[in-house]
Every structure is written in structure tokens, then in C-alpha cells.
Amino acid sequence: MPMPGQFFMVGLPGRLDPLLKRPFGLFRHEDGLLSFMYRVRGKGTLIMSGLVPGDTVEILGPLGNHYPLPEGKYRIRKPLLVAGGTGVASLLPLLRELKKNSIFVYGGRNRDELLCIDEVRGLAGEFIAATQDGSEGVRGTAVDVVTDLIRGRDKDGFLLYACGPAGMLKSLQGLGLQGYCAMEENMACGTGVCLGCAVKTSTGYKRACTEGPVFDINEVVFERF
Amino acid sequence: MPMPGQFFMVGLPGRLDPLLKRPFGLFRHEDGLLSFMYRVRGKGTLIMSGLVPGDTVEILGPLGNHYPLPEGKYRIRKPLLVAGGTGVASLLPLLRELKKNSIFVYGGRNRDELLCIDEVRGLAGEFIAATQDGSEGVRGTAVDVVTDLIRGRDKDGFLLYACGPAGMLKSLQGLGLQGYCAMEENMACGTGVCLGCAVKTSTGYKRACTEGPVFDINEVVFERF
Amino acid sequence: MSGSELNLSVNIGQKLPLKNPVMTASGTCGYGAEVARFYEPARLGALVLKGISLTPWPGNPCPRITETACGMINSIGLQNVGLKAFIKEKLPVAKALGSPIIANILGGSAGEYVKIARALEEAGVDGIELNVSCPNVKKGGIAFGLDLKSFTKLIKAVRKDISGPAIIVKLSPGAQPIEAFARAAQEEGADAVSLINTVPAMAIDADSRRPLIRNIVGGLSGPAIKPIALWLVYKTSKAVTIPVIGIGGIRTGRDAIEFILAGASAVQVGTASFVDPAAPVRVLEGIEGYMREKGIKDISALVGGLVTGCS
Amino acid sequence: MSGSELNLSVNIGQKLPLKNPVMTASGTCGYGAEVARFYEPARLGALVLKGISLTPWPGNPCPRITETACGMINSIGLQNVGLKAFIKEKLPVAKALGSPIIANILGGSAGEYVKIARALEEAGVDGIELNVSCPNVKKGGIAFGLDLKSFTKLIKAVRKDISGPAIIVKLSPGAQPIEAFARAAQEEGADAVSLINTVPAMAIDADSRRPLIRNIVGGLSGPAIKPIALWLVYKTSKAVTIPVIGIGGIRTGRDAIEFILAGASAVQVGTASFVDPAAPVRVLEGIEGYMREKGIKDISALVGGLVTGCS
Ligand SMILES: Cc1cc2nc3c(=O)[nH]c(=O)nc-3n(C[C@H](O)[C@H](O)[C@H](O)COP(=O)(O)OP(=O)(O)OC[C@H]3O[C@@H](n4cnc5c(N)ncnc54)[C@H](O)[C@@H]3O)c2cc1C
Ligand SMILES: Cc1cc2nc3c(=O)[nH]c(=O)nc-3n(C[C@H](O)[C@H](O)[C@H](O)COP(=O)(O)OP(=O)(O)OC[C@H]3O[C@@H](n4cnc5c(N)ncnc54)[C@H](O)[C@@H]3O)c2cc1C
Ligand SMILES: Cc1cc2nc3c(=O)[nH]c(=O)nc-3n(C[C@H](O)[C@H](O)[C@H](O)COP(=O)(O)O)c2cc1C
Ligand SMILES: Cc1cc2nc3c(=O)[nH]c(=O)nc-3n(C[C@H](O)[C@H](O)[C@H](O)COP(=O)(O)O)c2cc1C
Ligand code: FES
Ligand code: FES
């Protein structure tokens, strides 16, 4: 049973180009049907977007760890989910478990980038959208929203779950909250053997596909060039 | 206006693998529609066989020379068309011009290999099929049939047009008839610039895509390894 | 004919008999344990584990990998746990998998190679592959792989001290001419040569104007390099009598057969395992299928069996 | 910004100013005339014609080409009409196309190279590309490309005698280390180096057990080798101050930009022209499109513009 935050490697059979499978976080798992939500970024996702019903893809998974639920000593904390762009794909499964017991901050360049916004709004206890052009929610970034939200409040009252661009995660880390983030790194194998997906942490490189993709946000060393 | 014997380079857009276009003889040209007939041989033809209406291919052509019609001093000769396997694809357009004024010999391993046999039978003045297993026409090869056919007759009464495997062409050459054959060589460009498609002739290497694919059968030096 | 009626066994020197010619390629099966959930490692001829250095190496910053046309570039930078942890933690687990274990080692000096090899001999590995061809570390490694003199010295030094495990020398595609390196390896007593390691390569993102590998240069692997590897294996196998292990873009049984026809006694499967974790087993099954189809009972009948004359 | 407001001009030494950096690659545009039905040759920076030898060469028997993963292998064997016929029949037609003409030449000895170069200077070509890297002929050519001593001698000999046309030395990807060859070319007075020529490679048909190229070995080209070429161009351009011409798998404007960012002053389009005969023009248009999109007015601002530090 795949858990929120886990991912699958998705490949196009019968092709040598693209060669490698691509990682996608599980977006939905219902009635034996796995769904992924993805943005067309390059060669692989472009071909995927042209697939029609009946076409076959190869998948490998579920892989990686998952978002720890707010249990044990963290039970009393308020889950604060922060999604940037397609990061929502990874956080929605978590939101479906947490439901009203959560705050969801969703940032993007503009309204069109905020996919599944209605589902998120409907599920979350509190929902704030942020767009750079103000076309939806407040004008600004998800980080701006979180900064406002926690101002003057006890940081220990929150448990952060973040998924989005590295820049966003780095800024969120600067806010001093406890919590987790899901990391995206280029992956070749997804199964821990290639060491291609190294994430720098305070205790050395860790594999995003095996020790991650979910990391303690305060252990990650952001140094993307 | 493409002529019998000419070919097109056919490519699959948006792919780097297969990389090169593949050569196919024009099979039919009617109402602005070009048709090719092909056998699945490898990577490219396999993908082609999975195309559905609406899919796009890239074509370049018509390319190469064509079968000379029996004109001038050859007018009085009887066109003798000899097809082996998919060689029929190249000879059918010629047959559609020559019609009843022709003999057509069609050889293949078995009945299933003799495609378009009804159309050929209907068009040709005289038609003889040959299969190795005897499942259609006489048991034997197209070369056997031609050997029988010309036995005791004046070789100058025939004008040969042959298309098929190199082995068949070589044997036909041995029969001492005047005429033409269409050569298949691996092609990269189809336009005369790569020199990949060299056919050895008595006057040196010639390009199958430019000086061919149709050659005087008695000028070809068969030495395929 | 069932698989078991076929004889797929090959010898890597006198030291290392393998039940079949298919191995993993170093750096693509971790330390062995990682692949056990996808196939039974004992089915393979051998497992070649991730490269090991004397001390732990952190590896290079990301991005470490990027895809190219029918291939990929990696610059892992030989991230590894180091000799001590390898022997203590990784090797026992790998040995328990039931397949012969070949360690892949890299040092900054001949002395370092010898030190590692000695410790591994003591710890009990079946083979040692000398990586003198890694394009992703600054010193050592490829410095030996491209310079015939230090290459020869290195192998002499290692050979003098090691008698148990088979010694395999992993050649660089850049060795010029590769036959000379292979011959030197043979003369210095190596049990086999393996080739090719990845080909130095680079990729650039035109938008950001940055290299797509943080380390700028990396090593190209996968189907794109198969034709290059095949030629080097063919050339090399003509130059030596010790077994040649073919590596580079092998994905199917037919790919492996091509290398064997070119002169390889065995093969390693690398990048293909990223696409399909069970690729090495599929390659093995493909070889068996080919042999059954062609009625070939003994794989040795195929080694170097390329037909080049006129028929 | 329209195409004409962009400055795409580059200089191949002082001898050869080009209006833009896109050329055909030798062996992929015939003698020039063949491409005129697909695009206006005068649009390109230069046409590099099929390699020429002193006497006509018949070339190799077929199969001469075969496809591989994202690439192709060729072994044409330098079929060409020979110097005399080239000068008499081919060159006048090529010159009439309105684009600078670069002849690509190959000899069995330094003397032969000089002889050909002299005749071409007299006949009036704009540039001479010394092919010392063809993997498909037995003697000459690559023998110079892999041996630094004879390489240096060759260029010295040609340079001494030739003063009109620009001299471009086409390097082999196997030259080890390539920087030394590029530096030697520069020191001996070459106007530019171009790279890479095809990579020696092989393909086998497992069914027939035969090589898919009659000559067994051929040269790999196309997208598969682009990452290899990019790295060698990057390395080479760091080692010399003369212009570097990038070749290998270039198919789009972005590909060309990648080579330019890596340090190339100009590029050649080869195998891509087989797939799309107008590929060189599309590459040119792609470069213009990129420059417009990024607001870059002068192509020279991009040469070697790879960003490698931390941001
Ligand atoms: C654990 C994980 C979960 C992910 N989940 C999602 C998701 O749910 N939805 C979604 O849209 N995207 C997701 N991604 C990103 C997704 O994997 C990439 O967008 C995809 O691989 C791009 O493939 P492409 O062939 O279209 O692009 P390419 O042509 O390969 O490259 C285009 C760009 O994408 C980057 N990229 C390429 N390969 C990878 C890779 N393997 N991993 C990360 N980035 C890469 C490249 O650096 C390049 O900038 C996830 C990534 C990871 C690591
Ligand atoms: C002028 C000409 C006309 C042709 N007309 C037809 C036709 O009408 N119908 C038809 O079915 N076939 C025709 N062919 C053959 C056809 O081009 C090949 O079957 C096709 O290229 C195979 O492509 P593939 O990708 O499926 O096979 P590949 O995987 O590329 O190779 C499979 C086999 O086909 C051979 N082959 C590969 N490329 C070529 C090539 N470019 N030219 C010739 N052989 C090749 C290879 O040597 C190999 O043995 C013609 C060939 C030529 C030269
Ligand atoms: C991610 C990765 C890591 C590698 N690590 C090593 C290594 O540690 N030691 C080594 O000798 N080769 C290493 N290699 C090279 C492979 O073992 C192999 O020689 C090369 O990838 C070519 O084979 P392939 O095309 O099947 O991948 C590595 C290759 C890849 C792709
Ligand atoms: C069919 C063919 C013929 C070639 N002939 C020559 C030649 O005559 N002289 C030469 O220097 N290079 C020759 N080359 C090499 C190309 O000029 C070029 O260096 C190489 O193909 C790499 O570029 P590409 O990947 O864009 O094709 C030839 C390449 C091909 C594919
Ligand atoms: S993707 Fe290979 S180790 Fe993580
Ligand atoms: S296919 Fe290129 S010259 Fe004929």
C-alpha cells in the first residue's frame, strides 16, 4: 500500500530514448488505480502527455520513505502543508489523510499553476493560496504566507510538510519550524544502487530515492547551484 | 509525379531512435494519396506498424531513378516482371502501366508471403506464382520459373524487370536476359550525399539512391557477403 | 532443451570459474544486497560491487546524473563507505547472497591499490577488479588507465602481493592504443581485462548556460556507447589470450551475444539495471534463449565467433 | 529583432571571416551541389565538402552504414573523385553556390597532404580542413591524428607551403590527450581545429554472426556522440586560443548553442543532414531564435559562456 510521499519510477516501454524511468510522487490511489499528476518538463513528460488510453507504461514502486504522520510527541502540533507548484501532487495524498486537521498553503506563479485547488480547498482545515501575480489568493509567495502565519505564534505549534522548488524549501528552512520536506533530485534507478540522487544533509549525502524523498527539513543542506 | 521504381525516405518525427529515415518504394499513388507496402523487419518498421490514422510520418521524395519503360528499340520486347517477396511493392506500379502487355513471375516462401497476389493476377498478361513449399503456384523459386519460361525461346524477346533479394537478382543475371533490377542497400540520406548506398557495377560504385535504385541488371556486380 | 542442459560456464582465469557469463557492472548494483529484492543474485555469474577506496569518499555534489540521447552521464565521484566499513558491513552481506563476489577498487597510488587488494584477499573476495578508468575522480584511477607506464607498474605491484582472488583490470575507452594496455595487463599476470568503463562526456543546459553535471565532466554509459565498446572489445580480444569481459550498453541477451561473438568471455550489465532492476537476469535468460534457438549447447562455441570472411 | 539585426559573424583565423557559424560537416553534403535543391548554400557560414585524396578512391564494399542507438556507423572508405576531377569538375560548381568553400583532404603521407593543399590553394578554396582522423582508411589519416609527432610534422609541412586558405585541423576523438594535439596545431600555425570526427565503432548481427559493416570497424556519429564531442570541445577550447569548430550530433539550434557555450566558435552539422537535408539551415535558424529569445545580439557573447561557478 503506497503511502503519502512515496514515489514510482515511470517508464515508456519499447524505447531507448528516453532511456531512464522518471520519478513521480503518487498522486492518488483508489480502486486499484494509481494516478500521477505531472507537469510537462522535457522529453519524457512530453511523450507521456501524448499517451492515450490503452497505451502501456512501466512502473516500479512504491519507492522511498513517506511523510511521517504527526504522531507521538508531534500529535499536538498543527500540520502545516506548504506546496509550491507541482509539489501539490505529493502533498495531496497526505492532506487526504489529515483533512480538516491541517493548514494548507499553496503557492504558484499564477492561478493557472494552482492545480487541484478546489480539492485542496475542500479538504484542508485552513487554506491560503498565494500567487506572484495575485491572480489567486494573496499576492506573494508561499513562504511569505507562512512567514505571516507564524508571526507571533509558537513555532512548536506547527509541523511543517513542504514540497516544491528547492528555493522555496530553503527559505522555509530559514523560518525555524520543525518538519519535513520532499526532495527532488535527478534519479537514474530509484532503487538505491546508482547513488545519483544524493541529497546533502548534516550527516552526509543521503539517497533521495531510499533514505528520502522525505527528509527532516532541518537536516538538509541546500546548496543547489 | 513519382514514377514506378522511385522511392521515398520515410521517417518518424520527434524521435532520435530510430534516427534515420527508411527507404520504401512507392507502392501506389492515387487521389493525392501515397501508399507504401512494407514488411516489418526491424525497429523502424515495427514502430511504423503501430501507427494509427492521424499519426504523422515525414517523407522525402520521390527519390532515385525509375524503371525505364520498354521504349525505342526495346518496344518490341515482352516485359518480364520478376518479384521476390516485398519486391512486388516496387513492381506493381510498373505493372499498372504495362498491364496485359507483361508477364509477371512472383516468388516467395509460401502463399502468405505473396501479397497483393490478386491484383497482380488481374493486371498481368501472364501470371506465374512460385512458392518454396508449393502452397501457391508451382513449387520452386521465381528463378526456376523464369528459367523454364525462357528455355528454347529467344532471350531478346524479353525485357527483364526484377526486384527482390540479392540472391534472386544474381541468379536472374546468370540467365543472360536484358533488363533492369532495383537494388536495396542500407541508406542514410537517400539524397546522394552520404555515399552509404554504394552498388558495385562494372563501371565502379554507384549510389543506389541517385544513379539507382534501378540498374541495368547486367552491369551490377553482385558480391554481397 | 532446458536452461540446465546448456553449458554457460566460463572461466575468468584459473581462479574464477563462473556458472554463467553474466555479471553486474560496478556501481550499478550497490553492494549486492540492494538487488536481492528484484532477483536472486545467485543466478548470476558474479556480482561486481560498487568501487571501494581506502577511506570513505563523500562523492560529488548534485546533479550527479543526466540523461543524453540513448545514454546517461554520471559523476557520482566514487561515493563509497571505504575499505573498513566495506569489509565489516557490506562484504559479509554480499557473500551471503550466494554469488561469487568481485570487488571493484580504486586508489590514489599503487600502494593504495595494493593495500586495499591485500585486505580484500584476506577478507575473502573471489575477484578484484582494478578500476583504473573512472573519469570521475581527480587523482588516481584514470591516471593509471591512460599512462602505460604507471599502468604496468600498478598491475605488477598488485599481482606480486595477491594470489587468491582473480585480478581483473578494467580498461578505459581512452587508453591509446587499448591493445597495448591489455597486453601489459596480461604480461603482468592479470587474470582478465574488462572494458569499457564510461566515456568522458558532458551535457549543457542552453537556458541556464550551466553544465547538467555539477562536476562538468562525467562518464557516458548505456546503449549509446555499445558500438564503441563492441569495437574495443573486438580489438582487445584479438590482442590477448586472457579472458575479456565486455561492458557497455548491454541490455538484452542479443547485446550480450554480440559482445561474446566479438570476443568477450563474459559480460557486465550496468545502466540497463537502472531501467529494469532485473536486467542482468533478463540478459542471462536472453542468452539461454538464443542458444536454444540456434541449437548451441556450450557458450564457449560462441566466444569470438564473429564471421568476417566472404561466404 | 529580425535575423538581420543579429551579428552572427565569426572569424576562423584572420583568413576566413564567416557570416555565421554554421557549416556542413565533411562527407555529409557531397560536393555542395547536391544540397542546393534543399536550401540555399549561401545562407551557411561555409560548406565543408567531402574528403578528397590525391587519386580517386573507390571506397569500401557495402554495407557501409548501419544504424545504432541514436547514432549510425559509417565506413564509406573515403570514396572520392580524386584531386584532379575535384578541381576540374566539382570545385567550380561548389564555388558558384555563393558560400565559402572548405575542402577536406586526406593523404597517405605528409607529402601527399602538401601536394593536395597546394593544388587547392591554387584552385582557390577558402579553407582546407586536414582530415587526420578518418577511422575508415587503412593508411594515412588517423595515423597522423593519433601520433603527436607525425601530427606536428604534418601541420608544419602544410603550413609552410600554404598561405592563402585557412588551415583547419580536424582532430580525432581518440587523440590522447586531445589538448596536446590542439596545442601542437596552434603552435604550427593552424588557423583553427575542428572536432570531433567519428568515433571508431562496430555493430554485429547476432543471427548471421557477421559485422553489420563490411569493413568491420566504422565511425560512430549522430546524437549518441554529442556528449563526448561536447566534452572534447570544452577541454580543447580551454587549451588553445585559435578557434575551435564543434562537430558531433548537432541537430538543432540548441545543440549548436551548447557547443558554442562549451567554447566552439563555429559548428558543423553532419548526420542530422541525412535525417533532414535542410538541417544546417534549421540549426542556423535555431541559433537566431535562441539569440532573439535571450536578447543576445552578438554570437561572440556566447562563445565559451558556460557558467560553472556557484550562484
Ligand atoms: C521523488 C520525486 C517525485 C517527483 N514527483 C513529481 C510529480 O508528482 N509530478 C511532477 O510533475 N514531477 C515530479 N517529479 C519531477 C519529475 O521526475 C521530472 O519532472 C521528470 O523526471 C522530468 O522528465 P522529462 O523527461 O520530462 O524531463 P527531462 O528532459 O529529463 O529534463 C527536464 C528537466 O527536468 C529535470 N529532471 C530530469 N530528470 C529528472 C529526474 N529523474 N528527477 C528530477 N528531475 C529531473 C532535469 O534536470 C531538467 O531540468 C518528481 C521527482 C522526484 C525525484
Ligand atoms: C530503394 C529501396 C526501396 C525499398 N522499398 C521497400 C518496400 O517497398 N517495402 C519494404 O518492405 N521494404 C523496402 N525496402 C527495405 C526497407 O528500407 C527496410 O526493410 C527498412 O529500412 C528496414 O527498417 P527497420 O528499421 O525496420 O529495420 P532495421 O532495424 O534498421 O534493420 C533490419 C534489417 O533491415 C536492413 N536495413 C536496415 N536499414 C535499411 C535500409 N535503409 N535499406 C535497406 N535495408 C535496410 C538491415 O540491414 C537489417 O538487416 C526498400 C529499400 C530500398 C533501399
Ligand atoms: C552510476 C554509475 C556508477 C558507476 N560506478 C562505477 C564504479 O564505482 N567503478 C567502476 O569501475 N565503474 C563504475 N561505473 C561504470 C560501469 O561499471 C560500466 O563500466 C559503464 O557504466 C558501462 O556499462 P553500461 O553501459 O552497461 O552502464 C559506473 C557506472 C554508472 C552508470
Ligand atoms: C557518411 C559520413 C561520411 C563522412 N565523411 C567524412 C570525410 O570525408 N572527411 C571527414 O573529415 N569527416 C567525414 N565524416 C565525419 C563528419 O564530418 C563528422 O565529423 C562526424 O560525422 C560527426 O558529426 P555528426 O555527428 O554531426 O555526424 C563523415 C561522416 C559520415 C557520417
Ligand atoms: S536514484 Fe539511484 S540511488 Fe537514488
Ligand atoms: S543513401 Fe546517401 S548516398 Fe545514397
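Each chain gets a letter, A, B and so on, in the order its sequence line appears, and its residues count up from 1. The model shown is predicted, which means the values in this text are computed figures rather than measured ones.
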Using a cut-off of 6.0 Å, state whether more than 12 heavy atoms not belonging to K170(A) lie near its atom NZ.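 Count not over threshold, so no.
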More than 12 heavy atoms from other groups under 6.0 Å of CZ on R109(A):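 At most 12 heavy atoms, drawn from other residues, nucleotides or ligands, come within 6.0 Å of this atom.
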What's the shortest heavy-atom distance between I65(C) and N186(A), and which atoms?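 Minimum heavy-atom separation between I65(C) and N186(A): O-ND2, 2.9 Å.
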Provide the closest heavy-atom pair for C62(C) versus G196(A) in the form atom of the first, atom of the second, distance.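 In terms of heavy atoms, the two residues are closest at SG-O, 3.6 Å.
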So, the side chain of E67(C) versus the backbone of L20(A): is there a donor-acceptor pair under 3.5 Å, distance only?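 Confirmed, E67(C) side chain pairs with L20(A) backbone.
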Is a side-chain N or O of R64(C) found less than 3.5 angstrom from the main chain of A198(A), in a donor-acceptor match?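 Between the backbone of A198(A) and the side chain of R64(C) there is no qualifying donor-acceptor contact (under 3.5 Å).
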Do you know which of G27(C), P61(C), A224(C) has the most heavy-atom pairs under 4.5 Å to chain A?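 Heavy-atom pairs under 4.5 Å are most numerous for P61(C).
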Between T191(A), V193(A), D17(A), L60(A), which shows the greatest number of heavy-atom pairs under 4.5 Å with chain C?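 With the most close heavy-atom pairs to chain C, the winner is V193(A).
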Which residues pass the side chain to side chain contact (heavy atoms under 4.5 Å, CB included) test with T210(A), sequence neighbours left out?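 Only R207(A) meet the side chain to side chain contact (heavy atoms under 4.5 Å, CB included) criterion with T210(A).
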Would you give the length of the straight line joining atom [atom1] of [X] to atom [atom2] of [Y], rounded to the nearest 0.5 angstrom?
| X | Y | atom1 | atom2 | result |
| --- | --- | --- | --- | --- |
| M9(A) | F274(C) | CE | CZ | 10.5 Å |
| Y205(A) | I76(C) | OH | CD1 | 10.5 Å |
| E34(C) | C194(A) | CD | SG | 11.0 Å |

Side chain proximity check, P223(C) to L16(A), heavy atoms < 4.5 angstrom: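 The answer is yes, as the side chains (C-beta and beyond) meet within the 4.5 Å cut-off.
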Mind checking whether L195(A) and K50(C) have side chains closer than 4.5 Å, heavy atoms only?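 Yes. Closest side-chain heavy atoms under 4.5 Å.
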Give, as side chain, backbone, both or neither, the part of [X] having an atom under 4.5 angstrom from any heavy atom of chain A.
| X | answer |
| --- | --- |
| C70(C) | both |
| T68(C) | backbone |
| Y31(C) | neither |

Is it the backbone or the side chain of K21(A) that comes under 4.5 Å from a heavy atom of chain C, or both, or neither?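 Interface part for K21(A): side chain.
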